[in-house]
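Report on one structure; see the data block that follows.
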Amino acid sequence: MDFHKVKKLRGTVKIPGDKSISHRSVMFGAIAKGRTEITGFLQGADCLSTISCFRSMGIEIINDKHTVTVNGRGLNGLSAPDSVLDTGNSGTTTRLISGILAGQNFTSRLDGDASIRKRPMDRIIDPLRLMGADIQGDNNSSFAPLTIRGSKLNGIDYVSPVASAQIKSCLLLAGLYADGKTSVTEPTLSRNHTELMLSAFGAQVSSAGCTASVFPANELYGQKINVPGDISSAAYFIAAGLIVPDSEILIENVGINPTRDGMIKVCLAMGGSIELLNERTQGGEPVADLLVRSSSLHGTVIEGDIIPTLIDEIPVIAVLAAYADGETVIKDAAELKVKESDRIAVVTKNLSRMGADVTPADDGMTIRGGRPLHGAKLESFMDHRIAMSFTVAALGAEGTTSIADAGLAEISYPSYYKDLSALCV
Ligand code: S3P
């Protein structure tokens, strides 16, 4: 797909549902008793993979696009799937569902696409085994496909070496089926949607600092959930609105949970003009509309505790940094290497092709901004967030930027190109 420089961005965009929250609403609904009604569900390929996995385990899920209705069958109501559960491109589906499957009384197999088969699963296999789970990759590897033989589980007190909501959520879900309390302590706090939503479904969950705990549950109960918009999807518009001169856009329905809002803080620190309007609560999560105006930006240092709160936004923040004056340093973000692609390597490659001055590091990168960018032939590296981040880079670059596999936006934001072109003047 080809992209060109635009004069300005104007108008309003309404951000579709949060991917993390959409996954969880279906998963928790499936193991709760009774009906869960979800509005604002993200109809992206990843979340549809979660729906199809639970349908394969006997859960009736009606998706009429406006509302997703999950007719949950209780904590022990899943049935053995007839075939391999296909998690597609979704790390969240693969890792969270493993926690649920570990405590069932049947055996299941999980597999996904080529990218999923490369993502590290030892991060959930090791702690799940400490809980008594029987989970392994083929030939004893720690990669998908995974075989999980349901077992009796015991609660554990786990200190995770990485801040990861996928690890934390996997273990808390397994903890629902365990014989005692399960606690997960992370080095810094990752997104807390599981803690918030499991508690709304009736589980006994507590959080203190970087530790989240759950007690074994007798039953969860179906809920009505209105999923807020995904700040990770809003990120592309925030960056585009700041970069493209003479722009003013209203980005509606943005989830601003403090475990996810690091991109807003970084943009403000870089001199970006972002106003939070109409702050409210939706589905138990804080939400606002963001008024973004083009701004002259300067570099900053992004490191430490803020990293998990903007981990998925780093590719587009790197693009923003290339348009800012001075140096931006991103540190403590080695997790970028094990996302849908090695995001340190591929962001460096694409930005360099466009003429930016960027040096990769083992845990991040340094971008010396201010050089004019030019169009180039770019790859998406099978990563939806790379495809979308570089459309933003293209909007400020001279010439044509061709992005291969730009359709990958489908994974997390099916209407991205339609919504973006509606803002382009
Ligand atoms: C997610 C957690 C994050 C994030 C991913 C979604 C979640 O991954 O990158 O896109 O929904 O729990 P990690 O937990 O591996 O950091």
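Numbering of ligands and ligand atoms starts at 1, following listing order. The basis for the numbers below is simple: all heavy atoms, side chains too, and nothing from hydrogens, waters or symmetry mates.
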Going by the atom numbers of ligand 1, which of them fall below 4.0 Å from some non-hydrogen atom of [X]?
{"X": "Asp312", "answer": "4 (C), 5 (C), 9 (O), 10 (O)"}
{"X": "Ser20", "answer": "1 (C), 6 (C), 7 (C), 11 (O)"}
{"X": "Ala165", "answer": "12 (O), 14 (O)"}

**Request:** For Glu60 and Gly58, indicate whether the former's side chain and the latter's backbone hold a donor-acceptor pair under 3.5 Å.
**Result:**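 No.
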**Message:** Looking at ligand 1, is there an atom of it that comes within less than 4.0 Å of some heavy atom belonging to Lys339?
**Reply:**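 So Lys339 counts as touching ligand 1.
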**Asked** With a 4.0 Å cut-off on heavy atoms, does Arg24 reach ligand 1?
**Response**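 A heavy atom of Arg24 does come that close to ligand 1.
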**Prompt:** Which residue and non-hydrogen atom of the protein lie closest to atom 1 (C) of ligand 1, and at what distance in Å?
**Reply:**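 Checked against all protein heavy atoms, atom 1 (C) of ligand 1 sits closest to Gln166 NE2, 3.6 Å.
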**Message:** Run the ring-ring contact (aromatic ring centres under 6.0 Å, His included) test on Phe237 and Tyr416 for me, step by step, so that the C-alpha distance in whole Å, both residues' side-chain angles and the decisive distance to 0.1 Å come before the verdict.
**Reply:** CA-CA 10 Å; Phe237 299 109; Tyr416 178 62; 5.7 Å; yes
**Asked** Which is it for Arg191 and ligand 1 at heavy atoms under 4.0 Å: side chain, backbone, both or neither?
**Response**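 Side chain only.
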**Message:** Do the side chains of Arg117 and Asp111 get close enough for a salt bridge, i.e. N-O under 4.0 angstrom?
**Reply:**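 Yes, Arg117 and Asp111 are salt-bridged.
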**Asked** When rounded to the nearest 0.5 angstrom, what is the spacing between CD1 in Ile97 and OG in Ser169?
**Response**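 Rounded to the nearest 0.5 Å, the CD1-OG separation comes out at 13.5 Å.
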**Message:** Please report the interatomic distance CD1(Ile344) to CD1(Ile330), rounded to the nearest 0.5 Å.
**Reply:**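 Answer rounded to 0.5 Å: 9.0 Å.
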**Item:** Ile225 and Phe201, any side-chain heavy atoms less than 4.5 Å apart
**Value:**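 Answer yes - side chains close enough.
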**Prompt:** Does Ser164, backbone or side chain, put an N or O under 3.5 Å from an N or O of ligand 1?
**Reply:**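 Right, the criterion is met.
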